[in-house]
Amino acid sequence: MSTTCTACPRHCRLAPGQLGFCRARRARDGVVVAENYGRVTSLALDPIEKKPLARFMPGTFVVSVGSYGCNLRCPFCQNADISHAGEADIPWRDVSPEELVGLTIDARARDKRVTGIAYTYNEPLVGWEYVRDCARLAHEHGLVNVLVSNGCAEAHVLDELAGLIDAANIDLKGFTDAFYDTCGGAPGALERVKGTIAHLAADPACHLEVTTLIVPGMNDTDDEIDAAARWLASRDEGRGRESITYHITRFFPRWHMTDRGPTPVETVYHLADVARRHLEHVYTGNC
């Protein structure tokens with residue numbers, strides 16, 4: 001008898017013991033569990049600006065943690081070795097929420113600029129249960145939680161994290177269904193990402209920033225960035241606080257996408273100006 005995973009819009013139907021598309025969730029005893037729970041492949045101390053967060057606690061540091069697995073297959077992925085991996089493909093070690101928070105507390109004791117934990121590197125929401133458990137414990141110890149995600153998660157996952165995420169950067173890969181098809185997204189992926197952005201934008205406790213990587217010939221038109229920025233600005237209505245921060249970032253050839261050169265710097269600067277027609281805080285990256 002199959003079991004349906006409800007973590008993301010892909011809704012994988014899994015036979016007993018079968019692994020989902022993300023390679024992180026498995027059907028077991030009639031439920032789908034996060035097999036990557038606590039399995040850490042990457043751990044580092046990063047400036048918060050690297051997430052990237054430009055307008056949240058600048059000058060501070062976060063302990064960045066990642067596992068394996070992702071529900072997209074972006075051909076330009078910078079972390080394909082872990083995002084597209086399964087448990088047998090890359091070294092990992094078990095790190096409990098208590099251990100992760102303890103490591104962060106120790107780092108804070110050595111440097112008061114350490115403020116919290118960032119869930120990043122792979123797609124953290126394919127293992128949202130670990131994010132939830134770590135984030136709850138982090139708040140108990142006065143630490144902040146930062147989410148770096150592609151946003152392809154169902155609404156109930158975001159509900160599970162309500163009140164726990166202090167800042168987020170969501171990748172808005174492009175603003176067309178065709179772009180998400182190229183990234184291996186499930187049908188309706190763009191609408192689900194927009195739903196995630198809208199959900200976080202409506203949360204007064206969560207600082208929100210959004211990033212679009214500008215890939216030459218794919219999402220680099222004025223019309224697409226204008227539409228994305230206009231839509232993001234519409235999420236600000238009624239917030240009563242500063243607008244969503246938008247990052248326009250330069251592409252470099254990676255993984256399976258080496259058929260084109262880096263985004264021209266002048267294109268990035270120009271598209272940032274296009275976005276500024278609608279948004280107050282627009283930043284360029286990788287230039």
Between [X] and [Y] (salt bridge meaning N to carboxylate O under 4.0 Å), is one present in this structure?
X      : Y      : value
Arg230 : Asp226 : yes
Arg28  : Glu35  : yes
Glu129 : Arg25  : yes
Arg55  : Glu49  : no

- Axial cation check for Tyr119 ring with Lys51, 6.0 Å and 45° limits: no
- Query: Phe21 ring centre to Arg73 NZ or CZ under 6.0 Å, with the angle to the axis within 45°?
  - Reply: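 Yes.
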For residues [X] and [Y], determine if any side-chain heavy atom of one lies less than 4.5 Å from a side-chain heavy atom of the other.
X      : Y      : answer
Glu224 : Thr212 : no
Thr211 : Pro52  : yes
Val210 : Asn169 : no
Leu190 : Leu172 : yes
His199 : Arg235 : no
Asp166 : Val146 : no
Asp171 : Leu213 : no
Arg108 : Asp106 : no

Kindly say whether [Y] contributes a backbone atom to a donor-acceptor pair with the side chain of [X] at under 3.5 angstrom?
X      : Y      : answer
Asn79  : Tyr121 : yes
Glu160 : Val157 : no
Arg254 : Gln78  : no

What distance do [X] atom [atom1] and [Y] atom [atom2] have between them, rounded to the nearest 0.5 Å?
X      : Y     : atom1 : atom2 : answer
Arg110 : Leu45 : CZ    : CG    : 8.5 Å
Arg13  : Arg10 : CZ    : CZ    : 15.5 Å
Glu99  : Leu43 : CD    : CG    : 9.0 Å
Asp46  : Ser64 : CG    : OG    : 3.5 Å

- Item | Derivation of the side chain to side chain donor-acceptor pair (under 3.5 Å) call for Tyr68 and Asp89 | CA-CA 9 Å; Tyr68 56 80; Asp89 302 317; over 6 Å; no
Among the clusters formed by ILVMFWY side chains lying less than 4.5 Å apart, do [X] and [Y] turn up in the same one?
X      : Y      : value
Val126 : Leu19  : no
Met257 : Leu72  : no
Ile105 : Val63  : yes
Phe56  : Val282 : no
Leu200 : Leu161 : no

Where do [X] and [Y] come nearest, in terms of heavy atoms and distance?
X      : Y      : result
Cys206 : Ile165 : CB-O, 3.6 Å
Val101 : Ala138 : CG2-N, 3.8 Å
Ala85  : Ile90  : CB-CG2, 4.0 Å
Thr104 : Gly116 : CG2-O, 3.6 Å
Pro216 : Gly261 : CG-O, 3.8 Å
Ala153 : Thr196 : O-OG1, 3.7 Å

Quick one: do the [X] and [Y] side chains pair a donor with an acceptor below 3.5 Å?
X      : Y      : answer
Glu123 : Asn150 : yes
His84  : Asn122 : no
His156 : Thr6   : yes
Thr267 : Asp220 : no
Ser67  : Arg39  : no
Thr245 : Tyr283 : no
Thr60  : Arg113 : no
His11  : Glu154 : yes

- Query: Which word best sums up how the rings of Phe175 and Trp231 line up, parallel for under 30°, tilted for 30 to 60°, or perpendicular for over 60°?
  - Reply: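 The arrangement is tilted - the two ring planes meet at 30° to 60°.
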- In terms of the angle between their ring planes, are Phe251 and Phe76 parallel, tilted or perpendicular, with boundaries placed at 30° and 60°? perpendicular
- Message: Would you say CG of Asp259 has more than 12 non-hydrogen atoms from neighbouring residues, nucleotides or ligands within 6.0 angstrom?
- Response: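 Atom CG in Asp259 is packed in, count exceeds 12.
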- For His270 and Asp222, run side-chain contact (heavy atoms from CB on, under 4.5 Å): C-alpha distance rounded to whole Å, both residues' side-chain angles, the deciding distance at 0.1 Å, then the answer. CA-CA 9 Å; His270 170 71; Asp222 288 18; 2.9 Å; yes
- Task: Just do the side-chain contact (heavy atoms from CB on, under 4.5 Å) check on Glu87 and Asn36 with the steps written out, would you?
- Result: CA-CA 7 Å; Glu87 64 172 331; Asn36 70 343; over 6 Å; no
- Query: Between Asp177 and Glu191, does a side-chain contact (heavy atoms from CB on, under 4.5 Å) hold up when you go through it step by step?
  - Reply: CA-CA 9 Å; Asp177 291 325; Glu191 289 306 309; 5.5 Å; no
- Query: Could you go step by step and tell me if Asp94 and Tyr37 meet the side chain to side chain donor-acceptor pair (under 3.5 Å) rule?
  - Reply: CA-CA 8 Å; Asp94 280 312; Tyr37 185 101; over 6 Å; no
- Task: Take Thr263 and Arg250 through the side chain to side chain donor-acceptor pair (under 3.5 Å) test and state the conclusion after the steps.
- Result: CA-CA 5 Å; Thr263 316; Arg250 189 183 185 203; 5.5 Å; no
- Item | Option passing side-chain contact (heavy atoms from CB on, under 4.5 Å) with Asn145 (candidates Arg136, His139, Arg132) |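 Running side-chain contact (heavy atoms from CB on, under 4.5 Å) over Arg136, His139, Arg132 with Asn145 returns exactly one hit, His139.
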- Task: Decide yes or no on side-chain contact (heavy atoms from CB on, under 4.5 Å) for Ser243 and His281, but give the supporting numbers first.
- Result: CA-CA 7 Å; Ser243 65; His281 304 296; 3.8 Å; yes
